[in-house]
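One-based numbering, in listed order, for ligands and for the atoms of each.
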Amino acid sequence: MKSVEGNKAGLKPFELMLDQKKISQRVIQLGERISADYTGESLVLVGVLKGCIVFMADLMRYIKVPVEIEFISAASYRHGIRREDDVVIGGGVSIPLKGRNVLVVEGIVDTGRTASVIVEKIRKMEPASVEVVTLLDKPASHRVDIDIKYKGFTIGNEFVIGFGLDNAQLYRNLPFIGRMIEG
Ligand code: IMP
Ligand code: MG
């Protein structure tokens with residue numbers, strides 16, 4: 001696969017993993033499946049910031065049922081000072097979710113802790129249903145039991161960037177998914 005050099009602004013090197021065409025074809029399929037599953041209903045998309053933004057902006061344009069959007073922020077501190085299982089959720093949800101169909105939108109599911117904490121939080125709000133859609137899933141890294149109804153791509157235990165996903169807050173603007181090159 002083509003290797004992409006990091007630039008002079010200090011980006012570390014990465015290589016292409018999923019190109020724009022592949023991602024967009026898959027996003028369209030997900031949108032069609034979601035539209036079919038919720039026919040005759042409406043949906044509240046709850047995006048998990050910041051990684052969801054590019055995926056969610058694309059996906060929502062292929063969902064044909066009425067949609068409202070909401071965001072929640074999540075930070076995990078795996079490599080920081082906090083305990084490994086800490087997931088800090090910020091930002092209140094202003095749309096009442098009681099009786100609504102809720103779809104949590106994630107850029108990537110790794111251990112599954114973030115998605116699982118958010119789903120539990122939403123369940124307490126008594127929605128009619130709550131499901132998860134993620135662009136990328138790393139099933140080998142899951143540490144909690146999490147049911148992800150819609151997934152774009154399943155990947156291995158590797159660190160990826162772009163299409164909203166970051167490494168140290170950079171690379172989110174890349175229009176494709178890349179894999180960091182070790183070393
Ligand atoms: P969790 O482990 O499933 O709770 O995922 C926590 C968060 O870690 C995700 O929402 C992402 O923000 C981040 N993350 C996990 N794996 C990757 C990756 O490969 N690239 C970029 N961010 C990642
Ligand atoms: Mg991150």
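Less than 4.0 angstrom separates some heavy atom of T111 from each of these atoms of ligand 1: 1 (P), 2 (O), 3 (O), 4 (O). Taking every heavy atom of T114 and a limit of under 4.0 angstrom, the matching atoms of ligand 1 come to 1 (P), 4 (O), 5 (O), 6 (C). Interface atoms of ligand 1 facing E158, defined by a heavy-atom separation under 4.0 Å, are 19 (O). Shown in contact with E106 at under 4.0 Å from a heavy atom are these atoms of ligand 1, numbered in order with element: 10 (O). Each of the following atoms of ligand 1 lies closer than 4.0 Å to a heavy atom of K138: 16 (N), 17 (C), 18 (C), 19 (O).
If you look at D166 and ask which of its N, O or S atoms sits nearest the Mg ion (ligand 2), the answer is OD1.
Across all non-hydrogen atoms, the minimal contact from I69 to V67 is CG2-CG1, 3.9 Å.
Atom CD1 of residue I108 and atom SG of residue C52 lie 13.5 Å apart, to the nearest 0.5 angstrom.
Checking side-chain atoms of R26 against main-chain N and O of G152 turns up a donor-acceptor pair under 3.5 Å. A donor-acceptor pair is defined here as one N or O able to donate and one able to accept, closer than 3.5 Å; such a pair exists between the side chain of E70 and the backbone of S94. No donor-acceptor pair under 3.5 Å is formed between the side chain of K64 and the backbone N or O of E32. With hydrogens and angles ignored, the 3.5 Å screen pairs a side-chain donor or acceptor of N101 with a backbone N or O of S42.
Contact annotation: I108 has at least one heavy atom less than 4.0 Å from an atom of ligand 1. Remark: distances from the non-hydrogen atoms of G112 to ligand 1 include one below 4.0 Å.
Looking at D166, V160, L165 and measuring to atom 20 (N) of ligand 1, the nearest heavy atom belongs to V160.
Counting non-hydrogen atoms of neighbouring residues, nucleotides and ligands closer than 6.0 angstrom, the OH atom of Y62 reaches no more than 12 such neighbours.
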